[in-house]
Protein chains: 2
Amino acid sequence: MAAGETRSLIVAAADRLFYERGYEATSFADIAEDVGLSRGNFYYHFRTKDEILEAVIGRRMENTRALLERWEQDSEAPAERILRFVDILIANRSKIMEHGCPVGTLCTELAKLDHAAQNDAAELFTLFRDWLARQFSGLGRAADADALALHLLMRSQGVAALATAFRDENFIRREVADMEAWLLAQCPAATAPRSN
Amino acid sequence: MAAGETRSLIVAAADRLFYERGYEATSFADIAEDVGLSRGNFYYHFRTKDEILEAVIGRRMENTRALLERWEQDSEAPAERILRFVDILIANRSKIMEHGCPVGTLCTELAKLDHAAQNDAAELFTLFRDWLARQFSGLGRAADADALALHLLMRSQGVAALATAFRDENFIRREVADMEAWLLAQCPAATAPRSN
DNA sequence: GTCTATATGGGGATAGAC
DNA sequence: GTCTATCCCCATATAGAC
């Protein structure tokens with residue numbers, strides 16, 4: 001198999017396992033087994049665990065950028081775009097109740113390990129933060145767009161954390177509804193952008 | 001030294017290290033060194049890592065109960081009591097920006113490890129949840145007291161998670177102010193409970 | 001590019017002397 | 001109750017054959 005292809009498989013497996021089990025708790029052997037490689041061959045592709053982590057963060061950056069672009073193409077109205085972000089809590093509720101938010105839990109784990117890549121991981125949040133801020137600007141809230149973006153990110157993180165602890169799907173749905181109501185309150189014209 | 005005394009020292013050290021570095025990343029050697037014990041002696045007090053975790057959770061349960069009782073004694077008005085809860089985000093901001101919320105990060109880590117003690121850890125959240133719900137009931141919101149309690153817990157978790165990723169103290173202060181405004185909006189009479 | 005075999009270190013855990 | 005010495009396993013990481 002071509003080296004690049006195998007590498008992609010490794011990074012995809014590591015991405016999933018780092019999310020489900022955590023970075024530290026995932027061993028080379030776990031990833032190798034998941035891909036169907038021997039541990040020896042594994043080192044041909046990645047020499048250290050840090051290298052894999054960097055690759056995983058890079059992969060998530062790419063995937064996130066693609067996701068945000070898709071949301072932007074799918075909807076014209078900023079409020080509708082923001083709703084797409086909120087809805088991932090519903091769409092991914094099962095995985096969130098089991099393993100939390102992929103971004104938040106990685107950032108927290110790396111912070112505790114005082115890992116060199118913690119700023120790189122935080123860039124994943126920055127992608128959402130800046131994208132959301134642009135949408136709030138589009139809603140006519142340019143002055144506090146970044147604060148509104150952080151507020152929404154904060155809520156999604158809080159929901160994910162408690163959902164993991166209590167495994168309560170109704171709680172997620174209730175808070176998502178509350179976030180949607182909050183969003184409407186930020187810009188009453190949001191639901192009817194073309195009332196002409 | 002008396003066995004109980006040494007045991008307390010071990011649990012206190014483990015409590016701190018589990019918070020700062022995480023449960024998995026903390027080794028017996030780390031704890032033993034922190035207390036000033038040999039690894040061999042360590043096993044006289046705790047036979048497995050799970051036993052230490054249980055003891056740490058037990059310690060946190062006790063400390064949390066004592067904290068909530070103090071808050072209840074210090075303030076008569078439910079709204080004022082709830083403010084005490086919100087203010088721990090400010091009081092502990094440095095540690096939170098470094099290591100997140102002790103309860104939330106432990107629950108998340110145990111969930112990823114699929115650890116047997118994950119429900120015990122979630123009981124720490126339940127202490128806050130039930131206490132907050134009682135305060136909201138006292139505010140005349142008995143019907144949705146639990147939902148309001150979870151909402152406030154959710155916010156504090158979200159603030160802690162983002163504060164760790166972005167290390168932004170201003171963000172914490174802004175969100176705490178927003179939580180206080182939200183609290184007032186839940187019961188306009190909250191600030192003046194005795195206007196007679 | 002993939003494998004087996006192996007080195008090296010750290011982690012949890014035990015035995016037994018003091 | 002505390003110590004040293006030790007065992008075993010698993011994890012990262014390497015060497016070298018195919």
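Below, chain A is the first sequence line, B the second, and so on; all start at residue 1.
- For the pair A/Gln118/A/Leu113, no side-chain contact is recorded, criterion being any heavy-atom separation below 4.5 Å from C-beta on.
- In terms of the ring pair (Phe, Tyr, Trp, His ring centres under 6.0 Å) criterion, A/His45 has no residue partners (sequence neighbours excluded).
- At distances below 3.5 Å, not a single donor-acceptor pair connects side-chain atoms of A/Lys95 with backbone N or O atoms of A/Glu20.
- Annotation: salt bridge (Lys or Arg N to Asp or Glu O under 4.0 Å) contacts of A/Asp178 (sequence neighbours excluded): A/Arg155.
- Here D/dC3 presents its P atom at 13 Å from CD of B/Glu33, a figure rounded to the nearest Å.
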Output side-chain donor-acceptor pairs under 3.5 Å for residues 29-42 of chain B, partner residues at least two apart or in another chain, one line each.
| unit_1 | atom_1 | unit_2 | atom_2 | d |
| --- | --- | --- | --- | --- |
| B/Asp30 | OD2 | B/Arg21 | NH1 | 3.3 |
| B/Asp30 | OD2 | B/Ser27 | N | 3.0 |
| B/Asp30 | OD2 | B/Ser27 | OG | 3.2 |
| B/Asp34 | OD1 | B/Arg16 | NH2 | 3.4 |
| B/Asp34 | OD2 | B/Arg16 | NH2 | 2.3 |
| B/Ser38 | OG | B/Asn41 | N | 3.2 |

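- No cation-pi contact links A/Arg60 to A/Phe18, judged by a cut-off of 6.0 Å to the six-membered ring centre and 45° from its axis.
- Here the C1' atom of nucleotide D/dG1 and the CZ atom of B/Phe42 are 14 Å apart, to the nearest Å.
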Could you list the donor-acceptor pairs under 3.5 angstrom formed between side-chain atoms of residues 66-74 of chain A and any protein atom two or more places apart in sequence or on another chain?
| unit_1 | atom_1 | unit_2 | atom_2 | d |
| --- | --- | --- | --- | --- |
| A/Glu72 | OE1 | A/Trp131 | NE1 | 2.8 |

How would nucleotides 8-15 of chain D be written as a contact map, 5' to 3', with B for base contact, S for sugar-phosphate-only contact and - for no contact, using protein heavy atoms under 4.0 Å?
---SBBB-
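- To the nearest angstrom, C1' of D/dC18 lies 15 Å from OH of A/Tyr44.
- When the C1' atoms of four end pairs are superposed on the next four at each end of the helix from C/dG1-D/dC18 to C/dC18-D/dG1, using five pairs per end, the two resulting axes differ in direction by 0°, to 10°.
- Note that B/Lys112 lies outside the cation-pi zone of A/Tyr23, set by a 6.0 Å cut-off to the ring centre and a 45° limit from the axis.
- Between the CZ atom of A/Phe46 and the C1' atom of C/dG1 there is a distance of 15 Å, rounded to whole Å.
- Between B/Leu37 atom CG and D/dT4 atom P there is a gap of 11 Å when expressed in whole angstrom units.
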